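Structure, as structure tokens:
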Amino acid sequence: MTQDAQQQAPQQEVDVVVVGAGFAGLHALHELRGRGLSVRVLEAGHGVGGTWYWNRYPGARCDVESTDYQFSFSEDLVREWRWSERYPRQEELLRYLDHVADRFDLRRDISLGRRVVSAVLEEEDVTWTVATEQGERWRARWLIMATGCLSVPRLPLVPGLEDFRGDWYHTASWPADGVDFTGERVAVVGTGSSGIQSIPLIAEQAAGLLVLQRTANYSVPAFNHELGEEELERLQQDFAARREFTRSSALGLAAPADPRSALAVSEEERRTQYETRWRMGGLPMIGAFADLMVDRAANETAAAFFHDKIRAKVDDPETAEKLLPRGYPWGAKRVCVDSGYYETFNRSDVTLIDLNEQPLRGITPRGVLVGETEHEVDAIVFATGFDAMTGALMAIDIRGRDGRSLRQAWSAGPKTYLGLAVAGFPGLFTVTGPGSPSVLSNMVVSIEQHVEWIADAISWSRERGTEVFEATQEAQEAWVEHVNAVADSTLFTEANSWYLGANVPGKPRVFMPYAGGVGAYRQKCDEVAAAGYEGFRAVPAPGAERRRADRSAPVVA
């Protein structure tokens, strides 16, 4: 639809427009509606769920335990929902979010199949006009971008894909009815989280599997299991205390971090601690010792432990060496969680190719050209990740003061105040945006904290009659400086990870999440609010008094 047609389309007014109907969008709708505000959620997908609506690839599973990866705003909801597994599958998470939408009657304020293309600030009265690809226009005082951190799939720039005669897929836009690879030769490109989760299941179906790896990743077994009634009861009884603990933790996880240095204990004690954490499964491994992400020597002890584990799982020594992550600190890329990943390479019908030794030169009509060799395949799966954290925001034409776009404001990398607001864009909030713990945390814990903080800020502003609520440039610059200083004190910046946008050609290299921890970040946000939203400008809009007088003036026939 053209810009002129969009401008002529009927315009509807609400207090708040929320973009996205995943965990963040659903919680924002429930929270704000409960405070008496009118809300419209605009969602590109044809169902709620966000990340868990789109990512339906084989083996898609959350890397945070189900009991921690759920909403806490309703005790009844916690009691009602019965998780079936320790680590929830995509299907179960989508059923959960559908249940939440129905349980709290959220669907009546959600418009599905509505892709937002622009959001423009009307400076005269400081409101946002949001336009969809379908031609709708919504006007609101407040705009909340709940677009997700991992929601824009990225395809590698490989020539020849359009000539491929077989089928190809991206893990982040998987067909809803699944894919049957039985009897097919399949190539999987990428060994990040989605590749590590999907490869074992694709290998079980395919006649032959070719895995193309550019960067080996660290992965820890999930040790997943079904939840029995006794364990479920215990988890539900402990939920409130467990959630309270996660809110003040470093990663938003229930496993306590060990305060000791990895170098301050004996080799035997260190090995025992790593084994204990390994057996926990999942992300608690990161909290094995306090200095793993700040001290290179300590970090190398964790890397060595993982290397030993990988060598023990993979029969062929040459293949095992290719699977050993090298060239970056352990944990500097998100540690993956798997179910039988390394063991898959013991199959005779699975072949691993290191793209550092033999580069992927292109796609041919019959397969993939690696080095000088053409490998014939029937299907290609791209497990190549996302334009993380900023991709969804930059895909929308968001324009603030003086018509300046967010793309312009972030041309050298994203800058925010607290990961929540952007100077020059009054009334706009980002949920788990750059500059917040975000992807370095349990996302649901971080989402809840952001949504509740935003709702409090809106209530505070409305109670005082202010129409401008905007981060100041000074506060934003100070926060960006702090985020960078914290990141520079860690080992995170020593890896070419998607945390820095290194997987997207041309994207500025900026460490986007806040590495100071969930608890410390929450405390800072609370301090800002307690100080009257320090770092924000909250004042009436220019001409506000005149407009109020005009609206209250008697109508003369």
Side-chain angles (χ1 to χ4, degrees), residues 54-61 89-90 153-217 219 310 313-324 336 338-386 503:
W54 297 105
N55 286 264
R56 301 167 184 259
Y57 60 85
R61 189 183 297 275
R89 291 171 295 158
Q90 175 269 334
R154 183 193 155 280
L155 272 175
L157 302 175
V158 183
L161 182 58
E162 66 278 4
D163 300 323
F164 182 57
R165 295 172 188 164
D167 297 318
W168 66 268
Y169 311 90
H170 193 288
T171 50
S173 51
W174 203 259
D177 54 357
V179 179
D180 185 0
F181 292 113
T182 300
E184 294 191 345
R185 299 162 300 174
V186 182
V188 175
V189 183
T191 54
S193 181
S194 58
I196 282 173
Q197 289 186 333
S198 62
I199 282 169
L201 294 180
I202 294 174
E204 290 178 2
Q205 280 191 343
L209 179 62
L210 186 69
V211 178
L212 307 182
Q213 171 189 275
R214 185 190 64 177
T215 304
N217 276 279
S219 187
I310 295 169
K313 287 173 175 285
V314 181
D315 295 340
D316 178 52
E318 185 177 342
T319 301
E321 290 303 307
K322 290 180 181 179
L323 289 166
L324 300 183
C336 301
D338 74 89
S339 296
Y341 172 67
Y342 294 112
E343 293 86 345
T344 300
F345 293 94
N346 295 329
R347 298 175 60 110
S348 60
D349 54 0
V350 175
T351 302
L352 175 67
I353 293 180
D354 185 345
L355 295 180
N356 296 297
E357 298 175 357
Q358 305 175 65
L360 176 59
R361 294 178 54 197
I363 308 296
T364 70
R366 297 182 300 180
V368 293
L369 182 61
V370 183
E372 301 300 320
T373 304
E374 181 186 40
H375 299 266
E376 293 188 15
V377 296
D378 304 300
I380 302 172
V381 174
F382 291 99
T384 47
F386 304 87
N503 63 321

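Quick caveat, the model's predicted, so the values are computed rather than measured.
A donor-acceptor pair under 3.5 Å is absent between the side-chain atoms of N55 and the main chain of S173, judged by distance alone.
A distance of 9.0 Å separates OG1 in T171 from CD1 in I202, rounded to the nearest 0.5 Å. To the nearest 0.5 Å, the span separating CD on Q213 from CG on L360 amounts to 13.5 Å. Interatomic distance, OG1 of T319 versus CD1 of I310, reported as 12.5 Å (0.5 Å rounding). To the nearest 0.5 angstrom, L324 atom CG is 12.5 Å from N217 atom CG. Atoms CZ and CD1, from R165 and I363 in turn, are 14.0 Å apart once rounded to the nearest 0.5 Å. Taken from CG in D167 to CG in D378, the straight-line distance is 9.0 Å, to the nearest 0.5 Å.
In this structure, the ring pair (Phe, Tyr, Trp, His ring centres under 6.0 Å) partners of F345, at least two apart in sequence or on a different chain, are Y341. H170 pairs by the side-chain hydrogen bond (donor to acceptor under 3.5 Å, both in side chains) definition with T384, not counting sequence neighbours. Partners of E162 by salt bridge (Lys or Arg N to Asp or Glu O under 4.0 Å), not counting sequence neighbours: none found. Considering only residues two or more places apart in sequence or on other chains, Y57 meets the ring pair (Phe, Tyr, Trp, His ring centres under 6.0 Å) condition with none of them. Remark: K322 engages no residue in a salt bridge (Lys or Arg N to Asp or Glu O under 4.0 Å) (not counting sequence neighbours). Taking the salt bridge (Lys or Arg N to Asp or Glu O under 4.0 Å) definition, one finds that R56 meets it with nothing, sequence neighbours left out.
Smallest separation of non-hydrogen atoms from D349 and A206: OD2-O, 4.1 Å. Considering every non-hydrogen atom in both P58 and L201, the closest pair reads C-CD1, 3.7 Å. The heavy-atom pair separating V370 from Q358 by the smallest distance is CG1-O, 3.2 Å. Contact between G192 and C336 at its shortest, heavy atoms only, is C-SG, 4.0 Å.
Counting non-hydrogen atoms of neighbouring residues, nucleotides and ligands closer than 6.0 angstrom, the CZ atom of R366 reaches no more than 12 such neighbours.
Counting heavy atoms from C-beta outward, V381 and F181 have side chains that approach closer than 4.5 Å. Taking 4.5 Å as the limit, some side-chain heavy atom of V314 sits within range of a side-chain heavy atom of N346. Residues R347 and E204 have side chains in contact (heavy-atom distance under 4.5 Å, counting atoms from C-beta outward). The closest side-chain heavy-atom distance from F164 to V158 is not below 4.5 Å. Considering only heavy atoms from C-beta on, H375 stays 4.5 Å or farther from T351 through its side chain.
Residue I380 is tested with V189, L210, L212 for a side chain to side chain contact (heavy atoms under 4.5 Å, CB included); the sole match is V189. Of the candidates L323, I199, L355, I199 is the only one forming a side chain to side chain contact (heavy atoms under 4.5 Å, CB included) with T191.
Ring geometry for Y169 versus W174: interplanar angle of 30 to 60°, hence tilted.
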R361 vs E372, test: side chain to side chain contact (heavy atoms under 4.5 Å, CB included). Steps then yes/no.
CA-CA 8 Å; R361 294 178 54 197; E372 301 300 320; 3.0 Å; yes
